[in-house]
Amino acid sequence: MELEVRHLRALCAIADTGSLHKAARQLGMSQPSLTTQLRRIEHAVGGQLFARERTGCRPTPLGRVVLSRARPLVVEMRALVTEARATAARADDGTPRLRIGSTASRAIPGWLRRLRHRMPGTETSLQMDVSANALLQMVAAGQLDIAFVHEVEGCPLRLPDGLRERVLVDREPQFVSLAADHPAAREDVVHLTDLADDRWMVDPTVDGEWDGLQRVLREAGLNPRVLHGDYLTAATLVATGEVVTVCQPTSVARPDMAVRPLAGDPLGVRLLVAARTTAELDAVYGELEAAYWEAAAESPAYQDWLLGGRGRERHEHRHEQRREQRGTAPVPVPVAIPVPMPTTAPLPAPAATPVPPPDLGPAASQDLRPTPL
């Protein structure tokens, strides 16, 4: 067997992640297939490249030698493909193209609308994916120009070499969606213990989401029943009272479904946008930022959270009163994590904000971004 660039890329992935399982996920293949491929590569070079240990895979002396030669070749090939694809994207008719990849977000429609207004001659495409790591890899490979992704707290993403990133929100709290007639929905803020008897639904294909939820539930001393499913299935089952699920704070409630903050904000994500160059980030970031805060203004629960959490304070007071009425000992209430600091300077006051062009839709009634302390 002759070694190919894909084989070298697999070796680099195993070394970088320290795990055949994680490397297979990063490469978009099954672990048994990667294991078989590694055996063939080791047979071709004549020796073992990784020592399999309980903590993962560690390069052997031979492996380190091969990796030292493989990495520059992989980087050069990636640069060649990226340049070629960028050229091909403009070669057909000269129309500039912008290829965007994103995980799920309510900011996407407003973002695309603003980009269309500012760059009317640009052909914009959108690719959605539940895997943030997969989208970042596509940007690094030249298949996408921009990736807007979220990183679950405690489950860091791996930013490929050569990419630039810009943080949109350093810590976005994750809320919970539950049936509108759920007893906990009567409150402005929900305690995890109020959902101890509920089934949860989570999408395990979303990078970090299952691990993050497990951590939060474990820290709360809960071990609920869990179903695995996609966002659409989860929304349907939530509305019928079958499950509860973590959701983005920009989610909008419906007559049959409520959206509430979790007491103590136990789970958060970091929102970031990545590209190969700073110029590409500059070209799209302003429109994304405006679209995100427009979406935030459409969620009453998120508005309350951003503007000081007055609903949380009312809830904690009522929660304590009910405990006293039942004669139970007061239980310390988790302290809410402070509102995240913005990564950019605050917007001007609404009165000084220029009126957006007509086709951008209604502007937010007020600037909801957190103000520096």
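Quick caveat: nothing in here was measured; it's all calculated off a predicted structure. Throughout, residue positions are numbered sequentially from 1 according to the sequence presented.
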Are Met257 and Tyr302 joined in one hydrophobic group, where the rule is that I, L, V, M, F, W and Y side chains link up if heavy atoms are under 4.5 Å apart?
->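 Different hydrophobic clusters.
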Answer yes if Met201 and Leu213 sit in the same cluster of Ile, Leu, Val, Met, Phe, Trp and Tyr residues linked by side chain heavy atoms under 4.5 Å apart, and no otherwise.
->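 Different clusters: Met201 never reaches Leu213 through Ile, Leu, Val, Met, Phe, Trp or Tyr contacts under 4.5 Å.
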Evaluation steps, side chain to side chain donor-acceptor pair (under 3.5 Å), between Tyr292 and Glu287 | CA-CA 9 Å; Tyr292 177 82; Glu287 284 70 25; over 6 Å; no
Salt-bridge criterion met for [X] and [Y] (N-O under 4.0 Å):
X: Arg270; Y: Glu151; answer: yes
X: Glu187; Y: Arg260; answer: no
X: Asp282; Y: Arg166; answer: yes
X: Glu123; Y: Arg116; answer: no
X: Glu298; Y: Arg106; answer: yes
X: Asp16; Y: Lys22; answer: no

Given Arg52 and Glu42, is the salt bridge (Lys or Arg N to Asp or Glu O under 4.0 Å) satisfied, shown in steps?
-> CA-CA 13 Å; Arg52 281 71 156 182; Glu42 289 177 329; 3.3 Å; yes
Contact list for residues 49-73, test ring-ring contact (aromatic ring centres under 6.0 Å, His included), sequence neighbours left out =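 Non-adjacent pairs meeting ring-ring contact (aromatic ring centres under 6.0 Å, His included): zero.
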Do other residues, nucleotides or ligands put more than 12 heavy atoms under 6.0 Å from [X] [atom1]?
X: Arg118; atom1: CZ; result: yes
X: Arg39; atom1: CZ; result: no
X: His21; atom1: NE2; result: no

Carefully, step by step, assess Leu262 and Leu267 under the rule side chain to side chain contact (heavy atoms under 4.5 Å, CB included).
-> CA-CA 8 Å; Leu262 286 167; Leu267 183 62; 5.6 Å; no
Please check: side-chain N/O of [X] versus main-chain N/O of [Y], any donor-acceptor pairing under 3.5 Å?
X: Ser19; Y: Gly56; value: no
X: Asn133; Y: Leu157; value: no
X: Arg71; Y: Arg9; value: no
X: His182; Y: Ala184; value: yes
X: Ser68; Y: Val65; value: yes
X: Thr36; Y: Pro32; value: yes
X: Thr17; Y: Ala13; value: yes

Audit row: Arg276, Arg164, side chain to side chain contact (heavy atoms under 4.5 Å, CB included) steps and yes/no | CA-CA 6 Å; Arg276 291 183 296 277; Arg164 304 288 181 268; over 6 Å; no
Can you check whether Asp145 reaches Arg97 side chain to side chain, under 4.5 Å on heavy atoms?
->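 In short, these two side chains do not touch, never coming nearer than 4.5 Å.
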To the nearest 0.5 Å, tell me how far Leu11 CG sits from Ile41 CD1.
->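 Here the rounded value is 4.5 Å.
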Which word best sums up how the rings of Phe148 and Trp111 line up, parallel for under 30°, tilted for 30 to 60°, or perpendicular for over 60°?
->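 Aromatic pair Phe148/Trp111 classed perpendicular.
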Taking atom types as modelled and ignoring hydrogens, do the side chains of [X] and [Y] form a donor-acceptor contact shorter than 3.5 angstrom?
X: Tyr285; Y: Glu280; result: no
X: Thr236; Y: Thr233; result: no
X: Trp210; Y: Asp203; result: no
X: Asp207; Y: His150; result: no

Identified side chain to side chain contact (heavy atoms under 4.5 Å, CB included) partner of Leu288 from the options Ile146, Leu112, Leu271, Val273 =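 So, applying the side chain to side chain contact (heavy atoms under 4.5 Å, CB included) to Leu288 and each of Ile146, Leu112, Leu271, Val273, only Val273 qualifies.
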